[in-house]
Amino acid sequence: DAIAQDTLAMAINDIITVGATPVSVQAYWAAGSSAWFDDKQRAHDLVRGWKAACDLCGVSWGGGETPTLKGIVAPETIVLAGGCFWGVQGVFQRVKGVTAAVSGYAGGMSSTADYEKVSTGDTGHAESVKVTYDPKQVSLGALLQIYFSVAHDPTQLNRQGPDIGSQYRSAVFPINEDQAKVVKAYIAQLNQARVFPGAIVTKIEPDKSFYPAEDYHQDYLTLNPRQPYIVYNDLPKIADLKRIFPDLYRDKPVLVMAAL
């Protein structure tokens, strides 16, 4: 009996766009559609669909119910704060290997994750950008280089340029302990080398959720290139990215709204 085409297509899409090593079929699908597993036949079809998709995509199936997707690297994310998110997003949208850069808020509660409340400086949130990237194309180290040298000034405490307040602080919100260690070590190297004339004030804030900002904040630099704030504060960052990291720069940004 043939595997349903929709199941097979869905499995192939997951292998290509999600990827992981290893991936538990039950755990993965249960996370998004637990109701499906009330239907044992549906669960069985999904497992068979993944096995067939692995064969078609040239990756190995680990046996049993768990495929091991050798050669497929899952996308990774990091959340970075460095002043107004318009410019930070604009920079990372133009980095090769970055597949998404979403403006938003991190550091506070979900109930205060909106622009008007965050702008008071009393919510604990920082204007942030969630960067999703392909580690086969760009490393975390390269992204940190861009963050510290182009996207913002890590020596400014609770401000960036004309913007003042804790919502404009320099901060990294690591998604796991390993990422936090990498960021901490990178900051230590910069301090030891005395790269900057002042002390680096970037905070590492683990275990914080990210909340996407309102639609009108997404892709703001690209959509408003003549806005005076953008011209004065953010376009120079794009120029610096192109000049300092020519091998990582791309002219066409990856936009949030274009993906919707």
Side-chain angles (χ1 to χ4, degrees), residues 76-104 106 126-135 137-164 167-174 179 182-204 213 217-225 227-256:
E76 297 183 8
T77 62
I78 188 167
V79 178
L80 304 169
C84 177
F85 43 29
W86 295 343
V88 178
Q89 181 192 48
V91 166
F92 286 102
Q93 286 180 322
R94 289 162 175 78
V95 175
K96 292 179 182 177
V98 170
T99 58
V102 180
S103 290
E127 290 194 13
S128 308
V129 175
K130 182 178 181 180
V131 179
T132 303
Y133 63 98
D134 180 353
Q137 297 186 54
V138 62
S139 67
L140 175 58
L143 294 178
L144 291 176
Q145 279 186 298
I146 293 169
Y147 170 66
F148 282 102
S149 63
V150 172
H152 84 307
D153 180 351
T155 68
Q156 294 193 20
L157 180 63
N158 292 330
R159 67 173 299 165
Q160 280 294 306
D163 302 314
I164 300 174
Q167 69 271 33
Y168 299 113
R169 68 186 180 272
S170 174
V172 178
F173 301 91
Q179 197 175 79
V182 171
V183 176
K184 183 177 181 180
Y186 190 84
I187 292 174
Q189 289 178 354
L190 292 177
N191 280 326
Q192 184 175 11
R194 297 183 179 179
V195 173
F196 299 99
I200 293 175
V201 297
T202 306
K203 295 181 178 180
I204 301 174
H217 285 301
Q218 306 300 342
D219 308 328
Y220 194 90
L221 184 151
T222 298
L223 297 176
N224 301 275
Q227 206 256 38
Y229 180 98
I230 295 294
V231 171
Y232 185 80
N233 296 289
D234 295 331
L235 291 187
K237 297 177 182 179
I238 305 302
D240 285 344
L241 175 66
K242 185 176 183 178
R243 176 177 57 85
I244 300 172
F245 300 95
D247 293 338
L248 289 176
Y249 175 80
R250 64 178 173 200
D251 285 317
K252 185 177 180 180
V254 54
L255 301 179
V256 175

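Count residues from 1 along the sequence.
- The backbone N or O of Ala213 lies less than 3.5 Å from a partner atom in the side chain of Gln218, making a donor-acceptor pair.
- Judged purely by distance below 3.5 Å, without hydrogens or angles, the side chains of Gln160 and Asn233 never pair a donor atom with an acceptor atom.
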Go through Cys84 and Glu127 one step at a time and tell me if the side-chain contact (heavy atoms from CB on, under 4.5 Å) criterion holds.
-> CA-CA 6 Å; Cys84 177; Glu127 290 194 13; 4.1 Å; yes
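- Residue Lys242 qualifies as open at atom NZ: its count of foreign heavy atoms under 6.0 Å is 12 or below.
- At least one side-chain heavy atom of Phe148 sits under 4.5 Å from a side-chain heavy atom of Thr202.
- The salt bridge (charged side-chain N to carboxylate O under 4.0 Å, His left out) check on Arg243 picks up Asp240, with sequence neighbours excluded.
- Tyr249 is not listed as a side-chain neighbour of Val95, based on a closest heavy-atom distance of 4.5 Å or more.
- A search for side-chain hydrogen bond (donor to acceptor under 3.5 Å, both in side chains) contacts involving Tyr186 returns nothing, not counting sequence neighbours.
- Within the model, atoms CD1 of Ile164 and CG of Leu157 stand 11.5 Å from one another, a figure rounded to the nearest 0.5 Å.
- Considering every non-hydrogen atom in both Val91 and Leu241, the closest pair reads O-CD2, 3.5 Å.
- Atoms CG and CD1, on Asp251 and Ile238 in that order, are 10.5 Å from each other to the nearest 0.5 Å.
- No side-chain donor from either of Gln179 and Glu76 sits under 3.5 Å from a side-chain acceptor of the other.
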Which is it for Val79 and Val172 under the side-chain contact (heavy atoms from CB on, under 4.5 Å) test, yes or no, and what are the steps along the way?
-> CA-CA 6 Å; Val79 178; Val172 178; over 6 Å; no
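- Residues Asn224 and Gln227 have side chains that never bring a donor and an acceptor to within less than 3.5 angstrom of each other.
- Annotation for Ala142 and Leu248: closest pair CB-CD1, 4.0 Å, computed over non-hydrogen atoms.
- Evaluation of the salt bridge (charged side-chain N to carboxylate O under 4.0 Å, His left out) test over residues 140-164, restricted to residues two or more places apart or in two chains, returns none.
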Between Val102 and Val129, is a side-chain contact (heavy atoms from CB on, under 4.5 Å) present by the stated rule, with each step listed?
-> CA-CA 5 Å; Val102 180; Val129 175; 5.9 Å; no
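- The nearest pair of heavy atoms linking Ala151 to Phe92 is CB-CE1, 4.0 Å.
- For Gln156 (side chain) and Gly161 (main-chain N/O), a donor-acceptor pair under 3.5 Å exists by modelled atom type.
- Partners of Lys237 according to the salt bridge (charged side-chain N to carboxylate O under 4.0 Å, His left out) rule, which considers only residues two or more places apart in sequence or in another chain, are Asp234.
- Across all non-hydrogen atoms, the minimal contact from Tyr229 to Pro162 is CE1-CG, 4.0 Å.
- Atom OH of Tyr232 has 12 or fewer heavy atoms from other residues, nucleotides or ligands within 6.0 Å.
- From Arg169, atom CZ reaches atom NE2 of His152 across 11.5 Å, with rounding to the nearest 0.5 Å.
- With sequence neighbours left out, Tyr220 forms a ring-ring contact (aromatic ring centres under 6.0 Å, His included) with Trp86.
- Taking Arg94 as the reference, nothing meets the salt bridge (charged side-chain N to carboxylate O under 4.0 Å, His left out) condition, with sequence neighbours excluded.
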